Amino acid sequence: MTKRNRLKTLLKKIRGKEGNIIPVLRTVPIFEGLTFRDLRKIELIVHERTFMPDEVVFYERQPGTGMYFVKKGLIRLTKTTNGERVKIAELGEGEFFGEMSLLEEYPRSAQATAVVKTEALGIFRPDLLDLIKRHPRLGSKILMRLSKRLANRLRKTTEMKVKEAE
Amino acid sequence: MERSEFHKSSEAFEIVTIGCVLFGILLVLYLIRGLLTPFIIAFIITFFLSPAVDYMEREGLDRTLAVVLLVLLTLIILFILWKLTWSMIQTEITSFQKNAPFYISKIRDSLEHAMKLLEKKMGIVPEGTMQKAMQQKIGDLISSAGNLGFLFKTVRDFTVTLVLTQVIVFFLLKDGRRIRKALIAYVPNKYFETFLNLIHEIDKQISNYIRGQLTSAFFVGVLAIATLYFFGINYAIFIGAVAGIANIVPYIGPLLVLTFGGLLVLIDTGSTITMLKAVGILAFVKLLDSIAISPLAVGRRVHVHPLMVIVVISVGGLLHGMWGMLLSVPLYCSMRVSLRILYRGFVEYGNW
């Protein structure tokens, strides 16, 4: 083993194992490019939840507190239109939903239900606000990425509306 | 039909289970109530110190290192304070020890006189009954205070509580978030978000209240000691410290201190003018606290109507004595915010 490799192994031992949350966080766009130290801080506010088939993650109109990442399994998003439940999307591994609730407490616009046994990671607004207060630099990075994502979505919606009007 | 009935019965089962779990937690807490004191003190200290740790963490320090530094710093400050005030405290203790029999006999004489008068006025109680009961109580007090075994046990219990509290504070400051996260992992998915919100709101209410009250109490204590000492009142440290601690209990605490401080000075000196001087100083310090210290230190505190505070503290005192009085307001605020969140979640959004 070379000196460099030995040093790397030692550093890895000092900073500890990645566990099973950090690898998932690395795949989430709003945490892209964050360092291991930053991800360790985020890991502390991430909650692991397991949902059984047909179990509701959150209901439509329920006050939203945070977002979820699908670690394993499948989530179905549905919305009630004219008294009927309509499927909007199905989200698999690595996808996330409910990010708007991280910024503001607002009734959920759709219902999320687990299709199969699903493992999800949740980040919630009170914890995020606490993290921003303690680590403002990391907080601003997360908020910047979140804002970019929401801006993208807004741009797409505007383009769609313009096309519809044409 | 079966499905809706099944849902109804499973919801009922859920409510019963939650009720049983809550009852179990309360029962366990009641059974181990004797061991709770260091935990309660540690929680209060943790709430008070956590902003300092958060600040150091924000400045780039590792949390564990920040906690170690803070604990060391607190110990150093306490040691310096102890060194600076020990000779004064010793003088007060010696003087109190010397004068205690005189104070007790004076209190006994005045109480006996009052009882005699009361018995005469009431006319129903046989003469000497109340006096005898009171003499018995005072006798018990003197014998227990002079009992070496009792004193040794008190000192030992206090030391154990102090060491245990320090250890708990260290781990609560360092791993509080991890502990909370591990505990709420057991909350069912259905109630998770509501519960998380609840925990954060309660945390905010309690920590704001405790920080504000402790900061205000610290300033009141220091100011009272300095002013009483400056005006040459005996037992300045003792009365000032009691004034600081009692200031944690709103409204009722300062009133009790005025009475207690005034009586102690009156018994000690026998001079009404000195007594009025001491009461005036304590009232002035409280006034200063209400005008300048409290609005700054307790500015973000939860707003509760003064009448409600008095009712809540009285009920707390009635149910659990000193601890009840100290913790009743933050508990009331927590219950208020919990009901608000639960009402909004379950009733307004129809999500029960």
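These numbers come from the heavy atoms of this one structure, side chains and all, not from hydrogens, waters or symmetry mates. A, B, ... follow the sequence lines: proteins, then strands. Residue 1 opens every chain. Fair warning: this is a prediction, and the values are worked out from it, not measured in the lab.
To the nearest 0.5 angstrom, A:Phe124 atom CZ is 8.5 Å from B:Ile184 atom CD1. Atom CD of A:Glu55 is separated from atom NZ of B:Lys190 by 10.0 Å, given to the nearest 0.5 angstrom. The line from CD of B:Glu57 to NE2 of A:His135 is 4.0 Å long, rounded to the nearest 0.5 Å.
Around atom CZ of B:Phe218, no more than 12 heavy atoms belonging to other residues, nucleotides or ligands sit under 6.0 Å away. Within a 6.0 Å radius of CD in A:Glu84, no more than 12 heavy atoms belonging to other residues, nucleotides or ligands are found. The neighbour count for B:Met56 CE, taken as heavy atoms of other residues, nucleotides or ligands under 6.0 Å away, is above 12. Counting non-hydrogen atoms of neighbouring residues, nucleotides and ligands closer than 6.0 angstrom, the CZ atom of A:Arg37 reaches no more than 12 such neighbours. The neighbour count for A:Lys79 NZ, taken as heavy atoms of other residues, nucleotides or ligands under 6.0 Å away, is above 12. Around CZ of B:Phe43, the count of heavy atoms belonging to other residues, nucleotides or ligands within 6.0 Å does not exceed 12.
Using a 4.5 Å cut-off between heavy atoms, A:Asp130 touches chain B through its side chain atoms alone. At a 4.5 Å heavy-atom cutoff, the contact between A:Phe58 and chain B is made by side-chain atoms alone. Heavy-atom distances place no part of B:Tyr55 under 4.5 Å from chain A, backbone and side chain included. B:Pro51 does not touch chain A: none of its heavy atoms, backbone or side chain, sits under 4.5 Å away.
Closest approach of B:Arg58 to A:Pro136, counting heavy atoms only: CG-CD, 3.5 Å.
Ranked by non-hydrogen atom pairs under 4.5 Å with chain B, the options A:Leu138, A:Val46, A:Leu129, A:Ile45 are led by A:Val46. If you tally non-hydrogen atom pairs under 4.5 Å between each of B:Arg177, B:Lys181, B:Arg178 and chain A, the highest count goes to B:Arg177.
B:Asn189 contributes a side-chain N or O that, together with a main-chain N or O of A:Thr50, makes up a donor-acceptor pair within less than 3.5 Å.
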